[in-house]
Amino acid sequence: MILATPFSPMVPTNNNIQTTTHHHHLLHLLNQCSTISQLKQIHAHTLRTTTTVHPHTLFLHTRILHFSSLHDLNYTLRFFNTHIQYPNSFVYNTVIRAFARSSDRKHEAILFYLKMLCDGNVVPDKHTFPFVLKACAYLFALEEGKQLHAQVVKLGFASDVYVNNSLIHLYGSCGSLEDARNVFDEMPERSVVSWNVMIDALVQLNEFDEALVCFREMQESFEADGFAIQSVLRACAGLGALSLGMWVHAYVLKKCSPEVAGDVLVNNYLLDMYCKCGSLETAEFVFERMVKHDVTSWNTMIHGLANHGKVVEALEYFRRMVDEERLMPNSITFSGVLSACRHSGMVDKGRNYFTIMTTHYGIEPVLEHYGCLVDLLARAGLISEALDVVCSMPIKPDVVIWRSILDACSKRTVGIEISEEMAKKIMETEEGSKLSGGYVLLSRVYAAARKWDEVGAVRKLMDDKGVAKEPGCSTIEIDGVAHEFFAGDTSLSRI
DNA sequence: ATAGGGTTAG
């Protein structure tokens, strides 16, 4: 603990040096200090040489709050409590901002805002809201956010661009699209950020078409920047809208700055878009032309190739990543690698990758990894080995895992008892009891065993519980036209 | 002093 010593109380002395130059000197020192001990020295010096009456002192204290908050929030809080007698809104904002920026104490931004309200001598200003709203957005604190919105209106900041952008962001993060839209529609003035944040809210809530409409509208008043591009690429990926994605790609190359065109993030989204739209050659082309690859670039390619059954290629990307680039794969890398193995039924390789993931790379397997392994084993008919994995794993198995075992059971002659056991496990989980998958699989097992009475019983159980088969739905673009189709839908089969 | 990228995993 660096800061064990309590602060000495502020004792104004008669021979203080109270010149502006002196304060400037202290400020200069503060701007240069990078460690807590330096900060403490300057603070001690400040105590000896200044008093609270000087108007510059509060400003100086605010700087101390700000700088200390970058190192130690407890110090900031203690400093606030011990030395600042009459805080103004600037002081409160500084502390709120510090909490909002922190990684694990964001909720204290809201608490400090409350403290500000309770102070009685100070009123929030237009800078206060972006800070505290940011914390709310991160915490999905919709109710608190709405109350803040009311205060914004009450205090007369309802037309401030910054405040409104923060509100849109908040409502977007909390999934409250209507509220986000309302703020966006009502605001008297919009910046690029307003559009970006609105588009991003739509994309995040899977309103891809709406997002694209918004994007087109935006271009009447602003040039799209890197932020907008990323959101739109995500929308294209979600829709499988290849032509628009290619248009965005061209736009990036022609109209955006070299920084945006070369940005790893933007390029990763391009990769993902091409993969999701099924244009893997283009994805590979873009990948090879990127100046820099990060883990995500590699992961995106591995997943994209694996999902399209290009297993050899996917594993080759993994090999290049670790052998040639010496990059550290992460949890997501292995979920791609394992899913590649699963797609091609490579049991030995899959087991092997699973092992090196934990032993060589020290990555803790999560449910996704176990799911892949179990599915791989079950599909290969190694039901008992799959069950061994499920029983020995430290995480509670979910519906997906039980379902992949049951699915494997239904495809071969495995004892009915084991299948029934599996179905029971699926129904026990909350999602499993509401979705049709488990029931359908169980009836398939009975059907395979020609136990028609049981098939009927399962159907009846589904009716009684009101479980409906939910159709799978997807979209694909063919010759520039987007087609939406459902599972079992044969309208596109002639193409 | 104030707004926006948490990318990739069914």
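Being a predicted model, the structure only gives us computed values, none of them experimental. Letters A, B, ... mirror the listed sequences (proteins, then strands); counts begin at 1.
Heavy atoms of A/Phe129 sit nowhere under 4.0 angstrom from any nucleic acid atom. Within the 4.0 angstrom heavy-atom criterion, only backbone atoms of the sugar-phosphate kind lie near A/Ser166; the bases stay farther away. Residue A/Ser191 is in base contact, counting any heavy-atom pair closer than 4.0 Å across all strands shown. Within the 4.0 angstrom heavy-atom criterion, base atoms lie near A/Val193. If you check every strand for non-hydrogen atoms under 4.0 Å, A/Asn307 touches sugar and phosphate atoms only. Across all strands, A/Asp200 comes closer than 4.0 Å only to sugar-phosphate atoms, never to a base (heavy-atom distances).
In the interface, the side chain of A/Tyr138 is paired with the base of B/dG6 through a donor and an acceptor atom under 3.5 Å apart.
Distance NE2 (A/His293) to P (B/dT8): 18 Å, rounded to an integer number of Å. Regarding A/Met218, its CE atom lies at a distance of 11 Å from the C1' atom of B/dG4, rounded to whole Å. As rounded to whole Å, 14 Å separates atom C1' of B/dG4 from atom CE of A/Met198. In this entry the distance linking CG of A/Asn268 with C1' of B/dG6 reads 14 Å, nearest Å. Rounding to whole angstrom units, CH2 of residue A/Trp298 and C1' of B/dT8 are separated by 14 Å. Residue A/Asp225 contributes atom CG, which lies 13 Å from atom C1' of B/dA3 at whole-angstrom precision. The distance between atom CG of A/Asp160 and atom P of B/dT2, rounded to the nearest whole Å, is 13 Å. As rounded to whole Å, 16 Å separates atom P of B/dG4 from atom CZ of A/Phe184.
With B/dT7, B/dG10, B/dA3 as the choices, the nucleotide that has an atom nearest any side-chain atom of A/Asp294 turns out to be B/dT7. For A/His303, counting side-chain heavy atoms from C-beta on, the closest listed nucleotide (B/dA3, B/dA9, B/dT2) is B/dA9. Distance from the side chain of A/Thr300 is smallest to B/dT8 among B/dT7, B/dG10, B/dT8. Among the nucleotides B/dT2, B/dT8, B/dG4, the one closest to the side chain of A/Val197 is B/dG4. Considering only the side chain of A/Asp263, B/dG5 comes nearest among B/dG10, B/dT8, B/dG5. Of the candidate nucleotides B/dT8, B/dA3, B/dG4, B/dT8 has the atom lying nearest to any side-chain atom of A/Ile332. Of the listed nucleotides (B/dT8, B/dT2, B/dG5), B/dT2 has the atom at the smallest distance from the side chain of A/Pro130.
Of the side-chain N and O atoms in A/Asn164, none sit less than 4.0 angstrom from OP1 or OP2 of B/dA3. Phosphate proximity of B/dG4 to A/Lys134: present, with a side-chain N or O under 4.0 Å from OP1 or OP2. Dashed line: the shortest gap from a side-chain N or O of A/Lys276 to OP1 or OP2 of B/dA9 is under 4.0 Å.
For A/His360 and A/Thr355, the side-chain atoms include no donor-acceptor pair closer than 3.5 Å.
Relative to the ring axis of A/Phe354, A/Arg351 does not place its NZ or CZ within 45° and under 6.0 Å from the centre. For the pair A/Lys106 and A/Tyr138, the cation-pi criterion (under 6.0 Å, within 45° of the ring axis) is fulfilled.
For A/Arg319, the CZ atom is densely surrounded, since the number of other residues' heavy atoms within 6.0 Å is greater than 12.
Look at A/Phe227 and the base of B/dG5; the rings do not stack under the cut-offs of 5.5 Å between centres and 30° between planes. Stacking of A/His169 onto the six-membered ring of B/dA3 is not present when judged by under 5.5 angstrom between centres and under 30° between planes.
Under the 30°/60° scheme for interplanar angles, the aromatic rings of A/His61 and A/Phe79 are found to stand perpendicular.
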Could you please spell out the steps behind the ring-ring contact (aromatic ring centres under 6.0 Å, His included) verdict for A/His293 and A/Phe287?
CA-CA 8 Å; A/His293 301 121; A/Phe287 183 89; 3.8 Å; yes

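With A/Phe90 as the partner, the side-chain contact (heavy atoms from CB on, under 4.5 Å) test is satisfied by one option alone out of A/Leu65, A/Thr62, A/Val122, A/Leu58: A/Thr62.
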